[in-house]
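Lettering follows sequence order; numbering is per chain, from 1.
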Number of protein chains: 2
Amino acid sequence: MTELTLAIDAMGGDHGLDVTLPATMDVLQDIEGLHVLLVGKTETIQAGLQRLGQAAHPRLELIHASEQVAMDEAPAHALRNKKDSSMRVAVNLVKEGRAHACVSAGNTGALMAISKYVLKTLPGVDRPAIIFALPCMTGKTHMLDLGANIDVSPENLLQFAVMGAELCSAVEGLKNPSIGLVNIGSEDIKGNELVKEAHQLLRESDLNYVGYIEGNDVYEGKVDVAVCDGFVGNVALKTSEGVAKMIAHFMKLEFNRNLFTRFAGLCALGVLKALRRRMDPREYNGASLVGLRGIVIKSHGGADRYAFANAIREAYNEARMDLPNRIQQHVQETLRQSTLNQGSVS
Amino acid sequence: MTELTLAIDAMGGDHGLDVTLPATMDVLQDIEGLHVLLVGKTETIQAGLQRLGQAAHPRLELIHASEQVAMDEAPAHALRNKKDSSMRVAVNLVKEGRAHACVSAGNTGALMAISKYVLKTLPGVDRPAIIFALPCMTGKTHMLDLGANIDVSPENLLQFAVMGAELCSAVEGLKNPSIGLVNIGSEDIKGNELVKEAHQLLRESDLNYVGYIEGNDVYEGKVDVAVCDGFVGNVALKTSEGVAKMIAHFMKLEFNRNLFTRFAGLCALGVLKALRRRMDPREYNGASLVGLRGIVIKSHGGADRYAFANAIREAYNEARMDLPNRIQQHVQETLRQSTLNQGSVS
């Protein structure tokens with residue numbers, strides 16, 4: 001078992017300590033090589049641990065942070081004014097080399113701003129991105145960017161593809177992950193200038209690029225990594241959540257219509273539970289902020305104990321595979337390749 | 001019953017005459033004031049009608065067109081070379097005033113290109129858009145643009161909003177439809193320059209603008225009209241289809257797992273059917289190409305008889321409400337208002 005240390009923002013998320021403490025204890029028990037630096041108001045954390053009957057753990061250390069970033073705080077404000085926030089201190093621990101990765105369920109914008117400022121981007125990476133695994137018919141599709149970058153260049157999209165490919169091969173163990181570029185049609189003539197230029201760059205790269213994909217392909221599992229800008233990715237992600245929620249809402253309504261439908265619901269309970277498990281967002285919790293000189297995992301703010309534990313596991317896995325280093329190497333190879341291609345053209 | 005004439009492209013769509021003929025006859029029977037000009041190869045249509053045992057109908061006239069636009073044909077090619085296609089002739093009939101609207105299940109890009117070229121856009125409208133009603137928790141959300149315009153200006157988005165509002169009030173009978181602008185967060189600071197500027201224009205307009213919405217809000221029924229550019233709209237639409245398809249796929253899988261789950265499926269059959277009816281894409285068939293000097297309805301290419309009939313009904317309803325004229329008036333009022341606003345600022 002690899003010995004690794006994770007910094008966990010104990011105060012972040014909608015439920016704070018009520019979720020972060022039990023989840024941390026769960027994962028500490030599961031993974032023997034895991035050490036945790038739990039960051040936040042130590043007195044409050046201590047009290048919380050005592051309530052759980054877990055006052056001390058040999059692989060758990062508390063790190064004090066006097067402040068907290070609010071869930072609705074402006075990222076720039078958090079960056080400037082919350083130097084001793086649990087989020088900032090957790091990221092600092094990665095920067096200082098005391099932790100191999102950090103996890104927070106706090107404010108996404110603030111976490112990205114702080115991580116970028118403290119850790120900096122990897123050489124060759126212009127913009128970090130948010131990547132997330134979505135359920136699809138055949139397993140998982142990793143999609144990026146999901147909201148960190150609204151206006152991007154073709155080169156940014158190429159870098160996103162490289163980062164997605166490395167994450168997939170590191171964490172999922174895929175040899176040569178397939179990459180698709182999100183567009184509004186699969187023909188070469190479709191799309192705006194941005195995607196057309198990125199399409200060209202991706203074709204010339206050493207990536208396993210399969211070409212344009214459409215929105216539905218993401219869920220049909222046509223590719224391992226779906227690349228798009230942060231605006232499109234964010235709208236696609238939220239729209240998907242909306243559809244799933246609407247279907248769940250209508251199912252509830254229909255099964256609650258009368259006595260007969262309630263009985264039918266009872267009969268189908270096992271099936272409905274299995275269905276929910278297949279797409280349980282808690283299973284997929286833990287988005288990665290990739291492209292930084294360090295590993296930062298963002299848990300959903302509303303995550304429960306089970307979901308937050310999965311985000312911690314994601315951080316452990318990425319740290320174990322030394323993801324930032326792998327990304328750095330691949331990005332630099334791609335840059336070299338791209339310069340060579342340009343050289344041979346001119 | 002209002003007397004109206006519709007031109008129907010009999011040859012378009014994946015199933016051609018097999019769908020368009022029976023659907024047309026169904027609607028002719030339903031709507032007494034409806035007259036239809038059925039466009040395509042008259043001999044083939046005649047034979048098809050005979051097979052249906054409907055050789056003649058007092059409100060049905062056949063119009064010959066010797067060519068056909070292929071589903072995968074490049075729009076520019078169809079525009080230049082298929083002057084006697086069923087699609088082109090149907091649009092011409094609207095232009096000539098012989099039909100109040102036309103319906104086609106053919107190639108979307110070609111239909112848009114031909115309609116733009118033949119009918120032209122309304123005064124004050126820079127770009128036509130594709131609008132479509134999506135099911136949502138509270139009824140329907142109309143979304144535009146869904147793929148006609150990839151790169152748009154803030155003014156285009158304002159015009160889309162006006163067109164969406166007019167369609168909603170004309171066809172759905174809503175007094176003052178609410179408008180939302182699709183963004184990646186609801187705070188004022190979020191989004192790119194495009195949405196920020198459009199946000200400003202919408203706030204200054206006389207529309208019932210509620211502000212930014214996110215992808216999930218589309219399905220929660222937060223607004224009557226969701227406005228976005230064609231790239232974002234198309235990806236959101238296709239992604240939604242993908243999620244719904246994935247959920248249906250998993251449901252099938254889980255209900256077919258073993259004898260017990262099959263029995264549960266049998267018990268739940270009524271509920272599952274009711275669920276499907278709620279989101280049946282056939283109910284929602286018929287996207288409108290708005291902003292043109294004429295009414296053009298695009299049916300899904302794979303539409304069946306029931307779905308295509310709904311697209312014909314949509315055309316009838318829009319024609320009955322004289323939608324293009326209403327859009328033209330509202331767009332010009334908005335333009336006047338916008339010029340006044342700019343005057344008062346400078």
For chain B, the option from [options] that forms the most heavy-atom pairs under 4.5 Å:
options: A:E254, A:H249, A:E193; answer: A:E254
options: A:R257, A:K245, A:E220, A:M246; answer: A:M246
options: A:G233, A:G270, A:C136; answer: A:C136

Just wondering, do [Y] and [X] contact through their side chains at under 4.5 Å, heavy atoms?
X: A:H199; Y: A:R203; answer: yes
X: B:N183; Y: B:E214; answer: no
X: A:V232; Y: B:F231; answer: yes

Is it the backbone or the side chain of [X] that comes under 4.5 Å from a heavy atom of chain A, or both, or neither?
X: B:L253; value: side chain
X: B:M251; value: both
X: B:N192; value: both

Considering only heavy atoms, which portion of A:V218 lies under 4.5 Å from any heavy atom of chain B: side chain, backbone, both, or neither? neither

Contact origin within A:M279 toward chain B - heavy atom pairs under 4.5 Å: side chain

Going by distance alone, is a donor N or O of one side chain under 3.5 Å from an acceptor N or O of the other, for B:Y219 and A:E241? no

Between B:G242, B:S240, B:G215, B:A268, who has the most heavy-atom pairs with chain A when the cutoff is under 4.5 Å? B:G215

Below 4.5 Å, heavy-atom pairs only: which of B:L266, B:V235, B:T261 has the largest tally toward chain A? B:V235

Show the nearest heavy-atom pair for residues B:L272 and B:G265, with the distance to one decimal. CD1-O, 4.4 Å

Step by step, work out the side-chain contact (heavy atoms from CB on, under 4.5 Å) result for B:Y284 and B:D280. CA-CA 7 Å; B:Y284 293 84; B:D280 189 352; 5.7 Å; no

Does atom CZ of A:R262 have more than 12 heavy-atom neighbours, drawn from other residues, nucleotides or ligands, at distances under 6.0 Å? yes

